[in-house]
Number of protein chains: 2
Amino acid sequence: MCPAEDFQEKRKKKMRAVQDSMDVLNGKWKISIISSICYYDKRRFSDILNDVIGISNRMLSKELKELEINQLVKRTVIGTQPITVQYELTEHGRTLQTIINNLTDWGITHRKKIVGE
Amino acid sequence: MCPAEDFQEKRKKKMRAVQDSMDVLNGKWKISIISSICYYDKRRFSDILNDVIGISNRMLSKELKELEINQLVKRTVIGTQPITVQYELTEHGRTLQTIINNLTDWGITHRKKIVGE
DNA sequence: CGGCATCCTTACAGATACTG
DNA sequence: CAGTATCTGTAAGGATGCCG
C-alpha cells in the first residue's frame, strides 16, 4: 500500500473511533453527569441532580441508564426509607478522567478567549 | 475558607468549565467535523461532507457556521467556477487536538470493551 | 428518595429541490 | 461546488403528578 492510501485509511479509522466516543457521550448531559460523579467515590441521584445545572430528573434517569448500559457507571441501591441510590464510575468509566480533565482545561481557556476579547 | 468548602467550590468551577466545553461542541457532528479538518492544513466543504459519515450538507453548513462563530474554524472562499471553500482550524481550534486524540484512543478502547465482551 | 408515566412543546435533523 | 429554502417527521427534553 502506498503511503497516501495508508494515511487515508488511518485517518478514516481515527474518525470512526472519534464517532464511537461521541455516540457514547451523546446528548448534552453525559459528560457533565460523569464529571459530577468522578470527583467522589460514590454519588447519589439527587446530588447529581443538583450538580448538573438544568437537568430534569426524567433526563438524569434516562442518561444514567444509558451510561450503565455502556458500562461506564455502576448503580447500587442502598437502604430503605427513604431509599438511596449510589452511582459510581466503573473502572472503564474512570478511563474518561483524562478527557474530563482536558475538557475542563479547555473550557476555561475557551471562556477566556471568547468573553475576554 | 475551610478545606471542604474549597473543594466544593473548585468542583463547581470545574463542572462549569466542562459544560462550557460541551456547549461549544454540542450536537453529534462538531467533533467529527473538527477531526476531519485537523489532519490537514485546509479542507474543502465536500471533503468534509465525505469524511463525516451520515451528515447532510444542510447540517454541515450549519455546524461549520457555529464553529466559525466560536472561532474554532476559519472559512476562506478560494476561486471561481466552480467556487471552492477552504476550512481550516484556527490556532484556538487546534488546541482541541489533545481532546481529539484522547477521544480517538478512548473510542478504540471502548469498542474493544463493548464488542469484545 | 429515586424514579416512571403521561402529556406536550420545541428543536433537531432528513429529504428534496433550487441558486450563484 | 457550496451552499440556501422549504417542508416535514422524529425525538429530545420540560412540566407535572404519582408510586414504592
Side-chain angles (χ1 to χ4, degrees), chain A residues 15 18-19 21-37 40-70 72-90 93, chain B residues 15 18-19 22-34 36-37 40-70 72-90 93:
Chain A
M15 289 206 48
V18 170
Q19 298 231 27
S21 296
M22 294 315 283
D23 282 348
V24 176
L25 305 174
N26 67 45
K28 59 175 177 176
W29 304 118
K30 297 267 186 358
I31 288 279
S32 294
I33 292 169
I34 292 169
S35 84
S36 162
I37 304 175
Y40 296 88
D41 286 350
K42 298 161 186 289
R43 198 107 178 104
R44 285 166 44 201
F45 186 88
S46 48
D47 290 332
I48 304 171
L49 199 59
N50 262 305
D51 280 344
V52 183
I53 301 160
I55 199 172
S56 65
N57 60 348
R58 181 181 165 286
M59 270 302 113
L60 180 55
S61 174
K62 214 196 69 182
E63 300 285 79
L64 281 168
K65 217 176 279 178
E66 287 184 40
L67 291 174
E68 223 189 318
I69 290 169
N70 278 304
L72 300 177
V73 153
K74 179 161 172 276
R75 178 177 180 275
T76 317
V77 181
I78 294 294
T80 34
Q81 289 1 334
I83 207 170
T84 300
V85 180
Q86 306 272 23
Y87 289 91
E88 60 191 303
L89 296 187
T90 62
Chain B
M15 290 206 48
V18 171
Q19 299 233 24
M22 294 316 284
D23 283 349
V24 176
L25 306 174
N26 67 49
K28 60 175 177 178
W29 304 118
K30 297 267 182 9
I31 289 279
S32 295
I33 292 169
I34 293 169
S36 162
I37 304 175
Y40 297 88
D41 285 349
K42 296 161 188 290
R43 199 105 179 105
R44 285 165 44 201
F45 186 87
S46 48
D47 291 331
I48 305 171
L49 199 57
N50 263 304
D51 281 344
V52 183
I53 301 159
I55 199 170
S56 65
N57 59 348
R58 183 181 163 288
M59 268 301 113
L60 180 55
S61 174
K62 215 197 68 181
E63 300 285 78
L64 281 168
K65 219 174 276 177
E66 286 183 41
L67 291 174
E68 223 189 320
I69 290 171
N70 278 305
L72 300 178
V73 153
K74 181 161 171 276
R75 179 178 178 276
T76 318
V77 180
I78 293 295
T80 34
Q81 283 12 339
I83 205 169
T84 300
V85 181
Q86 306 272 23
Y87 289 91
E88 60 191 303
L89 295 187
T90 62

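As the structure is a computational prediction, the values presented were derived from the model and not from experiment. Protein chains get the first letters and strands the later ones, always in sequence-line order, with residue 1 at the start of each.
Remark: Glu68(A) does not engage Lys74(A) in a salt bridge, criterion side-chain N to carboxylate O under 4.0 Å. At a threshold of 4.0 Å, the pair Glu88(A)-Arg75(A) does not count as salt-bridged, since none of the basic side-chain nitrogens sits closer than that to a carboxylate oxygen. Ion pairing of Asp51(A) with Arg43(A) is present here, as a side-chain N (NZ or NE/NH1/NH2) and a carboxylate O approach within less than 4.0 Å.
At the phosphate of dG14(D), OP1 or OP2 sits under 4.0 Å from a side-chain N or O atom of Ser56(A). Taking 4.0 angstrom as the limit, Thr84(A) places none of its side-chain polar atoms (N or O) nearer than this to OP1 or OP2 of dC1(C).
Residue Lys28(A) contributes atom NZ, which lies 12 Å from atom P of dA13(C) at whole-angstrom precision. Atom CD in Glu66(A) sits about 13 Å away from atom P in dC4(C), given to the nearest Å. Across the protein-nucleic acid pair, Ile78(A) atom CD1 and dC1(C) atom C1' stand 13 Å apart, rounded to whole Å. Look at CG on Leu60(A): it is 8 Å from P on dG3(C), rounded to the nearest Å. In this structure, the CZ atom of Arg43(A) is 14 Å from the P atom of dC1(C), given to the nearest Å. Protein atom CG of Asn26(B) is 11 Å distant from nucleotide atom P of dG13(D), rounded to whole Å. Atoms CD (Glu63(B)) and P (dA2(D)) sit 18 Å apart, rounded to a whole Å. Nucleotide dG3(C) holds its P atom 12 Å from the CG atom of Asp47(A), rounded to whole Å.
Distance CE/Met15(B) to CD1/Ile34(A): 11.0 Å, rounded to 0.5 Å.
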Please list each protein N or O that sits under 3.5 Å from an N or O in nucleotides 3-5 of chain D, with the distance.
| residue | atom | partner | partner atom | Å |
| --- | --- | --- | --- | --- |
| dG3(D) | OP1 | Arg75(B) | NE | 3.3 |
| dG3(D) | OP1 | Arg75(B) | NH2 | 2.8 |
| dG3(D) | OP2 | Tyr87(B) | OH | 2.6 |
| dG3(D) | N7 | Asn57(B) | ND2 | 3.1 |
| dT4(D) | OP1 | Lys65(B) | NZ | 3.1 |
| dT4(D) | OP2 | Ser61(B) | OG | 2.5 |

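The side-chain heavy atoms of Lys42(B) and Tyr87(B), taken from C-beta on, include no pair separated by under 4.5 Å.
Residues that satisfy the side-chain contact (heavy atoms from CB on, under 4.5 Å) test with Val24(A), not counting sequence neighbours, are Asn70(A), Leu72(A), Trp106(B), His110(B).
Taking the side chain of Met59(B) as heavy atoms from C-beta on, and the options dC1(D), dC1(C), dG14(C), the nearest nucleotide is dG14(C).
Each ring pair (Phe, Tyr, Trp, His ring centres under 6.0 Å) pair with one or both residues in residues 40-60 of chain A, not counting sequence neighbours, appears once here: Tyr40(A)-Phe7(B).
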